[in-house]
Amino acid sequence: ATTEIYTLSLRDALPILFGIIILTFGLWVGESAGELKYGELRLGAHGNYINPKDSDFEHVFGYGAIAKYKFTDTLGIEMGVDYFRWSLDEGDVEMPYSSAPGPVYYKEVDRVYPIYFTAMIFAPIMEQNARGYLGLGAGYYQVDSDIDGHYDVVVDDNTYPFTITGKVTGQWSVHAAVGADFMLSQHIFLNVEARYVITHLDREQTHSNPEKGSITVKDEVDFDNWQIRAGLEYSF
């Protein structure tokens, strides 16, 4: 019941979120869309440090690429994709139905590709070579996972080897960001940013034995996280 409530509320909130962003942009610019002057396109690459909260995941490093477009001095958008990879074992993941006295082997490798969009409001020029900004956006966490495991269950002195297979599925996400661009040359910019992301991951495990059959267990993992990002961008 909890999962359904969360999913519906997040999906319902996205149109409202983008509506607020568009309205805020219109009030900030104070001019019609026809009067907007086109700005600059930037392409960049960055490194990421991600620190998940309220989960069994360890913090990891990743990397990504972005395309950023500034419509005016104060308004811009960014689209990007990141990459993270981590491994989990039996000590990191809840293992239902593994009540046998023997050892449990479990190996999960997740390759995660967050795809996201961010609307950005830049501060007025305070320093010639530095501009701060606030960002608000949404995305989707695409997950490619490999799950492999096994354990033995003993019933009436008979041993039944069970195998574990499964998958991990990502969900939609929302995030808020604060960052700054530093102009290193006419075309090169240094970008640093901190963002907070709200999302979940769904894990599905199938425990099976040829004689005893199989059972599939699903659970939702809270994957809210902080990210620190730094990279270089090239302005065209």
Side-chain angles (χ1 to χ4, degrees), residues 1-14 47-64 81-116 138-175 195-228:
T2 303
T3 302
E4 293 180 357
I5 293 174
Y6 174 84
T7 303
L8 290 174
S9 62
L10 179 56
R11 291 177 179 175
D12 292 343
L14 289 178
N48 285 6
Y49 169 84
I50 183 171
N51 185 14
K53 298 183 62 180
D54 300 326
S55 74
D56 295 322
F57 291 88
E58 295 290 340
H59 50 262
V60 295
F61 289 92
Y63 53 87
V81 59
D82 293 335
Y83 173 77
F84 298 99
R85 181 186 183 279
W86 52 70
S87 298
L88 303 174
D89 58 28
E90 61 274 6
D92 301 316
V93 178
E94 183 178 354
M95 302 298 296
Y97 305 108
S98 57
S99 57
V104 177
Y105 171 82
Y106 182 87
K107 185 70 172 182
E108 176 183 321
V109 178
D110 298 325
R111 290 168 291 276
V112 185
Y113 306 88
I115 304 168
Y116 58 88
Y140 183 80
Y141 272 55
Q142 176 68 34
V143 183
D144 178 17
S145 61
D146 294 319
I147 294 178
D148 176 49
H150 57 80
Y151 58 90
D152 292 337
V153 172
V154 179
V155 179
D156 297 329
D157 295 327
N158 295 317
T159 300
Y160 299 94
F162 275 75
T163 60
I164 308 171
T165 57
K167 64 180 180 179
V168 178
T169 306
Q171 293 189 13
W172 293 98
S173 66
V174 293
H175 63 268
R195 67 171 55 179
Y196 186 72
V197 181
I198 300 175
T199 189
H200 283 191
L201 298 177
D202 294 323
R203 179 181 291 108
E204 179 179 300
Q205 292 182 11
T206 298
H207 299 242
S208 57
N209 173 269
E211 298 179 58
K212 292 296 184 180
S214 64
I215 185 169
T216 298
V217 183
K218 299 180 180 180
D219 70 293
E220 185 179 72
V221 181
D222 181 12
F223 199 63
D224 299 352
N225 61 83
W226 284 100
Q227 297 182 20
I228 299 175

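FYI, side chains are in, hydrogens and waters are out, and symmetry mates aren't considered; it's all heavy atoms of this structure.
Under the salt bridge (Lys or Arg N to Asp or Glu O under 4.0 Å) criterion, Lys167 pairs with no residue at all, not counting sequence neighbours. The salt bridge (Lys or Arg N to Asp or Glu O under 4.0 Å) check on Asp148 picks up nothing, with sequence neighbours excluded.
The main-chain N or O of Trp172 is found under 3.5 Å from a side-chain atom of Thr199 such that the two form a donor-acceptor pair. Of the possible donor and acceptor atoms, none in the side chain of Tyr113 sits under 3.5 Å from a partner among the backbone N and O of Val81.
No side-chain heavy atom of Thr165 sits less than 4.5 Å from a side-chain heavy atom of Ile147. For the pair Lys218 and Asp202, the minimum side-chain heavy-atom distance is 4.5 Å or more. Thr216 has its side chain within reach of Glu204: a pair of non-hydrogen atoms, C-beta onward, lies under 4.5 Å apart. In this structure, the side chains of Ile50 and Phe223 come closer than 4.5 Å at one or more pairs of heavy atoms. Considering only heavy atoms from C-beta on, Lys212 stays 4.5 Å or farther from Val153 through its side chain.
Of the inter-residue distances, the one linking Gln227 atom CD with Asp82 atom CG reads 6.0 Å to the nearest 0.5 angstrom. Taking OG1 of Thr163 as the start and CG of Asn209 as the end, the distance is 8.0 Å to the nearest 0.5 Å. In this structure, CZ in Phe61 is found 9.0 Å from CD1 in Ile228, a value given to the nearest 0.5 Å. Interatomic distance, OG of Ser214 versus NE2 of His207, reported as 10.5 Å (0.5 Å rounding). Rounding to the nearest 0.5 Å gives a distance of 9.0 Å between CG of Leu201 and CD of Glu220. Tyr141 OH to Asp110 CG: the interatomic distance, rounded to the nearest 0.5 Å, is 13.0 Å.
Using a 3.5 Å distance cut-off with no hydrogens or angles, the side chains of Trp226 and Asn51 do not pair a donor with an acceptor.
Relative ring orientation between His175 and Tyr116 is described as perpendicular, the plane-to-plane angle rising above 60° on a 0-90° scale split at 30° and 60°.
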Hey, mind stepping through Arg111 and Asp146 against salt bridge (charged side-chain N to carboxylate O under 4.0 Å, His left out) and telling me if it holds? CA-CA 9 Å; Arg111 290 168 291 276; Asp146 294 319; 2.7 Å; yes
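The two residues Ser87 and Val109 have their closest heavy-atom pair at OG-CG2, 3.8 Å. Taking both residues in full, the closest heavy atoms of Val221 and Asp219 are given as CG2-OD2, 3.6 Å, listed atom of the first, atom of the second, then distance. Nearest heavy atoms, Val197 versus Ser173: CG1-CB, 3.9 Å. Across every non-hydrogen atom of Tyr83 and Pro114, the tightest pair is N-CD, 4.4 Å.
For Tyr160, the OH atom counts as densely surrounded, since its 6.0 Å shell holds more than 12 non-hydrogen atoms of other residues, nucleotides or ligands.
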